[in-house]
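Below is one structure, written out as structure tokens; the observations come after it.
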Amino acid sequence: MSQELRVTFTREQIAAYAEASGDHNPIHLDDAVARSVGLPGIIAHGMLQMGLAARVAAEAAGGADRLRRLSCRFASMVRPGDTVTFRAENRDGHIEITAMNQEGEPVLTKASVDVS
């Protein structure tokens with residue numbers, strides 16, 4: 001069973017995640033600070049991306065209670081306006097996840113989930 005979720009990231013969504021998670025690192029909230037450390041502007045939290053990947057994985061697994069281990073590598077920055085497509089493919093108790101931006105570039109790699 002496979003699942004897919006397409007998300008266009010917004011500044012408001014990133015700020016809401018910062019508030020909910022308590023991660024107020026200014027690289028996620030302030031363009032000037034982000035640029036001062038060499039970024040092109042604010043970027044989405046990696047854990048926000050991982051949470052969305054987990055949501056898709058839970059759907060593919062048949063419920064969040066079936067997830068046992070999730071791992072991934074953050075491969076590319078996600079900025080406001082980027083659209084990321086998260087896909088999860090259930091392969092007999094092991095779920096493979098892909099997350100690609102609108103340019104077809106992976107934003108998460110080596111993403112997988114073990115299920116019970």
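A ring pair (Phe, Tyr, Trp, His ring centres under 6.0 Å) check over residues 93-116, counting only residues at least two apart or in different chains, returns nothing. Counting only residues at least two apart or in different chains, ring pair (Phe, Tyr, Trp, His ring centres under 6.0 Å) contacts with residues 31-61 comprise Y17-H45, H28-H45.
When all heavy atoms are compared, the tightest approach of C72 to A111 is CB-CB, 3.7 Å. Nearest heavy atoms, R79 versus G41: NH2-CA, 3.7 Å. Counting all heavy atoms, side chain and backbone alike, A15 lies closest to L29 at CA-CD2, 3.8 Å. Looking at every heavy atom in both residues, A57 comes nearest to V113 through CB-CG2, 3.7 Å. Closest of all the heavy-atom pairs between N90 and A61 is ND2-CA, 3.9 Å. Considering all non-hydrogen atoms of both residues, F9 and A44 come closest at CD2-CB, 4.0 Å.
Applying the side-chain contact (heavy atoms from CB on, under 4.5 Å) rule to A99 yields the partners V84, F86, V107, L108; only residues at least two apart in sequence or on another chain are considered. Annotation: side-chain contact (heavy atoms from CB on, under 4.5 Å) contacts of S36 (sequence neighbours excluded): V33. For D30, there are no salt bridge (charged side-chain N to carboxylate O under 4.0 Å, His left out) partners two or more places apart in sequence or in a different chain. The salt bridge (charged side-chain N to carboxylate O under 4.0 Å, His left out) search around R69 returns D114, not counting sequence neighbours. By the salt bridge (charged side-chain N to carboxylate O under 4.0 Å, His left out) test, R35 pairs with no residue at all, sequence neighbours left out. Residues satisfying the side-chain contact (heavy atoms from CB on, under 4.5 Å) criterion with E103, sequence neighbours excluded, are N101, E105. Listed by chain and residue number, L70 satisfy the side-chain contact (heavy atoms from CB on, under 4.5 Å) test with A54 (two or more places apart in sequence, or in another chain). In this view, D31 and R11 satisfy the salt bridge (charged side-chain N to carboxylate O under 4.0 Å, His left out) rule, not counting sequence neighbours. In terms of the side-chain hydrogen bond (donor to acceptor under 3.5 Å, both in side chains) criterion, R66 has no residue partners (sequence neighbours excluded).
L52 CG to Q13 CD: the interatomic distance, rounded to the nearest 0.5 Å, is 6.5 Å. Taking OG1 of T83 as the start and CD of Q102 as the end, the distance is 5.5 Å to the nearest 0.5 Å. Taken from CD1 in I97 to CG in L5, the straight-line distance is 11.5 Å, to the nearest 0.5 Å.
Checking E59, R87, R55 one by one against Q3, the side-chain contact (heavy atoms from CB on, under 4.5 Å) holds for a single residue, E59.
By the criterion of side-chain heavy atoms lying less than 4.5 angstrom apart, applied directly or through intervening Ile, Leu, Val, Met, Phe, Trp or Tyr residues, F74 is grouped together with V56 in one hydrophobic cluster.
Other members of the cluster containing I43 are I27, V37, L39, M77, with ILVMFWY side chains joined at under 4.5 Å, either directly or via other members.
With contacts defined as side-chain heavy-atom distances shorter than 4.5 Å, the pair I95/V115 qualifies. Here the side chains of M47 and S21 are not in contact, with every heavy-atom distance at 4.5 Å or above. Counting heavy atoms from C-beta outward, P106 and S76 have side chains that stay 4.5 Å or more apart.
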Quiz item: After noting the C-alpha distance and the side-chain angles of R91 and E89, does the key distance pass the salt bridge (Lys or Arg N to Asp or Glu O under 4.0 Å) rule?
Solution: CA-CA 6 Å; R91 299 178 188 234; E89 183 75 33; 5.1 Å; no
